[in-house]
Asker: 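Got a structure for you, written out below as C-alpha cells; questions coming shortly.
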Amino acid sequence: MDAEEFRRRGMEMVDYVANYLENIEQRPVYPDVEPGYLRSLIPTEAPLEPDNYDDIIKDVDRVIMPGVTHWHSPYFFAYFPAATSYPALLADMLCGAIGCIGFSWAASPACTELETVMLDWLGKMLNLPEHFIAGTHGHGGGVIQSTASEATLVTLLAARCKAVRRVQASNPEKSEAEILSKLVAYTSEQAHCSVERASLIGGAMIKKVPTDNNYAVGGDMFKKMLEEDKAAGLIPFYFCATLGTTASCAFDRITELGPICNKENIWMHIDAAYAGSAFICPEFRPLLNGIEFADSFNFNPHKWLLINFDCSTMWYVLYVYILWDTKTCLTKGELLIFFSHWGIPLGRRFRSLKMWFVFRMYGIQGLQHVGLAKEFESLVRADKRFEICAEVIMGLVCFRLKGSNRLNELLLKRITKSREIHLVPCQLSGRFVLRFAICARTTDSRHIQQAWRHITQLTFEILQEPNH
Ligand SMILES: Cc1ncc(COP(=O)(O)O)c(C=O)c1O
C-alpha cells in the first residue's frame with residue numbers, strides 16, 4: 001500500500017468507523033456465535049501471495065463483526081465501561097504513525113514530556129496532593145501503565161523491594177530469602193482478582209481482609225489482622241485498598257486505613273480502576289479523601305474518561321529504589337527521563353496523545369457527567385419484585401429479583417440469550433446479583449427505560465412459567 005492508496009483507504013476506514021459507531025444501536029449487543037466459530041471461516045495458513053484489501057474489508061463484515069460484543073452499544077451494561085471518543089481515536093492513529101518506543105527522553109522527548117505533563121493535568125483535575133505532581137518540588141509523579149493489574153503488580157514489587165531494604169538496614173544478618181518468606185500483603189475480600197495475581201507473581205503471601213455490610217474494609221478489622229500477623233513473626237508490607245470495587249462499587253475507608261499503613265511502614269496502594277475518573281467531579285472528590293496517606297494511586301481513564309484502551313494512569317511517591325535498578329539512587333529528574341524504570345515493559349506507546357486530544361476537545365466540564373444509574377435505580381426500587389443490593393454511588397446498580405439464586409440466574413440467562421441488552425452478574429454475601437453498569441458514551445434515558453422494559457418483560461414471562 002503506497003501513500004496514495006493509504007489516503008483513500010484511510011478515508012474509507014474513517015467512514016466505516018463513524019458508520020459503525022453511529023449505527024451500533026441497531027446491532028444485537030451480544031454476538032450469536034459459539035466458541036470456535038471463527039476458525040472455520042478463515043484459512044488455516046497465512047496467504048503466501050498478498051490478499052486484496054477489498055477482500056480483507058469484506059471479511060471484517062463476514063468474519064469479525066458477527067463475533068463482536070459491542071461494548072459501545074448503548075445497550076451494553078456489563079462489566080465496567082470501556083471508553084471511546086473520536087478525538088481519542090484520532091490521537092491513537094497519530095500515535096501509530098509516530099510509532100516511537102518511548103522508554104527514555106532521548107528515545108522520544110515529546111513522548112516522555114507530554115506524558116509527564118498530562119499526568120500532572122489529570123492529577124490536578126483530581127486535586128491530588130502536590131507530592132504526586134511531577135512539576136512541583138515534591139517527590140512524586142505520574143506515568144501511564146497498560147492496565148490496573150499492571151499498576152498493582154508494579155507497586156507490589158516496589159513495596160517488596162522497599163520492605164527488604166528496610167528490614168536489612170536494621171538486621172543485616174537476615175538474607176533476602178528469609179525476609180521475603182515473612183512478607184505479607186493485604187487487600188479486601190472484595191478486591192479485584194488482579195491483586196491476588198500480583199502477589200502470586202511477586203512471590204508474596206496475601207491475606208484478604210473481611211468487609212463490613214457495605215462491602216468496604218475499615219481500620220478495625222485490618223488492625224486486628226496486623227496485630228495477629230506481627231505476633232506470628234510476619235512482616236506486613238503492602239495494602240491494596242479499593243475505591244470502587246468491581247462487584248458493587250464499594251469504597252474502602254482509606255482515611256482509617258492510611259494512618260495505620262503509614263505508622264506500620266506498610267505501602268498503601270489505591271486501586272480506583274473504575275471510580276477514579278469520577279473524582280474529577282467535585283461531588284465525588286470527597287471519596288478520595290485519605291489519598292494523602294497513599295504511596296501510590298491508580299485508575300483507568302480508559303474505563304470512563306473517553307480515552308480508548310489502553311490508558312491506566314498511576315501516580316506514586318518516588319523513593320530512591322525503583323523497580324529495575326535497586327542498587328542505584330536515581331533522582332526524580334533522572335526517573336522522569338527514564339519512564340522504563342516505572343513499569344514492566346521497556347517499550348511504551350505515545351499514549352498521552354489520547355489524553356491531550358480528549359482533555360482539549362472536551363474540557364474538564366465536558367467530562368464531568370455521572371447520573372443515569374440513579375434513573376435505573378428508581379425504576380428497580382419502584383418494582384416490589386426486585387431489590388437493590390448495594391448503595392448506588394456512581395454508575396453501577398446491583399439488583400436482583402427477590403427470591404432464589406436460581407431464579408436470578410434464569411433471568412440473566414434469558415437476558416443474555418435475547419441479545420438485546422448485556423449484563424454480567426456478581427456474588428454479594430453469597431447471593432447471585434445482576435450488575436447494571438452504565439457504559440456507553442451514547443447511553444441515555446431512552447436506553448435505560450427500554451432496558452428496564454425488557455428486563456420486566458422477561459421477568460413476567462419467567463414468573464408465568466409453572467416451575468420457575
Ligand atoms: C477495581 C478494579 N481493579 C482492577 C481491575 C482490572 O483492571 P485492568 O483490566 O485494567 O487490569 C478492575 C477491572 O474492572 C477493577 O474493577
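FYI, side chains are in, hydrogens and waters are out, and symmetry mates aren't considered; it's all heavy atoms of this structure. Count residues from 1 along the sequence. Whatever order the structure lists them in is the order used to number ligands and atoms, beginning at 1.
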Asker: Could you list the residues that satisfy salt bridge (charged side-chain N to carboxylate O under 4.0 Å, His left out) with R431, not counting sequence neighbours?
Answerer: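 Partners of R431 under the salt bridge (charged side-chain N to carboxylate O under 4.0 Å, His left out) test: E387.
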
Asker: Using the ring pair (Phe, Tyr, Trp, His ring centres under 6.0 Å) criterion, which residues pair with Y215? Sequence neighbours excluded.
Answerer: none

Asker: Answer yes if the ring centres of F239 and Y186 are under 6.0 angstrom apart, and no otherwise.
Answerer: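 F239 vs Y186: aromatic centres not under 6.0 Å.
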
Asker: Under 3.5 Å, N/O to N/O: give me all the pairs between ligand 1 and the protein, one per line with atom names and distance.
Answerer:
| unit_1 | atom_1 | unit_2 | atom_2 | d |
| --- | --- | --- | --- | --- |
| ligand 1 | 3 (N) | D271 | OD1 | 3.3 |
| ligand 1 | 3 (N) | D271 | OD2 | 2.6 |
| ligand 1 | 10 (O) | A148 | N | 2.8 |
| ligand 1 | 10 (O) | N300 | ND2 | 2.9 |
| ligand 1 | 11 (O) | A148 | N | 3.4 |
| ligand 1 | 11 (O) | S149 | N | 2.9 |
| ligand 1 | 11 (O) | S149 | OG | 2.4 |
| ligand 1 | 14 (O) | K303 | NZ | 3.3 |
| ligand 1 | 16 (O) | T246 | OG1 | 2.8 |

Asker: Flag the pair F76 / T69 as yes when at least one side-chain heavy-atom distance between them is below 4.5 Å, and no otherwise.
Answerer: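 Of all side-chain heavy-atom pairs linking T69 with F76, at least one is under 4.5 Å.
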
Asker: Only counting residues at least two apart or in another chain, list the ones meeting side-chain contact (heavy atoms from CB on, under 4.5 Å) with S378.
Answerer: none

Asker: Are the charged groups of K223 and E227 less than 4.0 angstrom apart, N to O?
Answerer: no

